[in-house]
*Asks:* 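Just passing along the structure, written as structure tokens.
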Amino acid sequence: MTPFDQFKAFHGTAWSQKLLDYLDNGWVYSSPSCFALVICVDAFNGGKTEDFSTWFIDYLAGDVKEAIHHLPFYLPYISFNRRNRTKLYATATITRKFLKDDSVKV
């Protein structure tokens, strides 16, 4: 099953609306080995504002390294939900962990 097929299975009949929402308001990355839905948020002032500080990874299937490497521009933080808890990390921490190179600007 491809990462995109995993996304469709996870979201059921709502997958197309979720995809359209991110095409309009977020960022979608898709390749044969990775599928990601990401949006810019302000993690320190309650969510979406014009002063973005954080990439929020709403959905990711497949190669984490590939998704992080292809973020369209640098923001100082990356967050995601795991086991019903929001995790927030400095981008440098994530790039060191997954890309093994903290000089890489995603």
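Both backbone and side-chain heavy atoms feed into the values below; hydrogens, waters and symmetry mates do not.
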*Asks:* Measure the CG-CZ distance between Leu37 and Phe56 for me, rounded to the nearest 0.5 Å.
*Replies:*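 Spacing of CG (Leu37) from CZ (Phe56) equals 10.5 Å.
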*Asks:* Taking the side chain as every heavy atom from C-beta outward, state whether Cys34 and Leu60 have any pair of such atoms under 4.5 Å apart.
*Replies:* yes
*Asks:* Side chains of residues 79-86: which donor-acceptor pairs under 3.5 Å do they make with residues two or more places apart or in other chains?
*Replies:*
{"from": "Asn81", "atom 1": "OD1", "to": "Thr86", "atom 2": "OG1", "distance (Å)": "2.6"}

*Asks:* State plainly whether the residues Asp21 and Lys18 are in salt-bridge range, i.e. N to O under 4.0 Å.
*Replies:* no
*Asks:* Roughly how far apart are Leu75 CG and Phe52 CZ, rounded to 0.5 Å?
*Replies:*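 Separation between the atoms: 9.0 Å.
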*Asks:* Ignoring hydrogens, what is the shortest heavy-atom contact between Trp27 and His70? Give both atom names and the distance.
*Replies:* CZ2-O, 3.0 Å
*Asks:* Can you classify the ring geometry of Phe73 versus Trp55 as parallel (below 30°), tilted (30 to 60°) or perpendicular (above 60°)?
*Replies:* tilted
*Asks:* If I compare all heavy atoms of Pro3 with all of Ser33, which pair ends up nearest, and what's the gap?
*Replies:* CG-C, 3.5 Å
*Asks:* How long is the span from the OG atom in Ser16 to the NE2 atom in His11, to the nearest 0.5 Å?
*Replies:* 11.0 Å
*Asks:* Find out whether Phe7 and Phe10 are in side-chain contact, i.e. whether some heavy atom of one side chain is under 4.5 Å from a heavy atom of the other.
*Replies:* no
*Asks:* With side chains defined as the heavy atoms from C-beta onward, is the minimum distance between Tyr29 and His69 less than 4.5 Å?
*Replies:* no
*Asks:* Could you please spell out the steps behind the side chain to side chain contact (heavy atoms under 4.5 Å, CB included) verdict for Phe35 and Leu19?
*Replies:* CA-CA 11 Å; Phe35 184 80; Leu19 179 60; 4.0 Å; yes
*Asks:* For a 4.5 angstrom cut-off between non-hydrogen side-chain atoms, does Ile57 reach Ile78?
*Replies:* yes
*Asks:* Just how far is it from atom CD1 of Ile39 to atom CG of Asp58, taken to the nearest 0.5 Å?
*Replies:* 8.0 Å
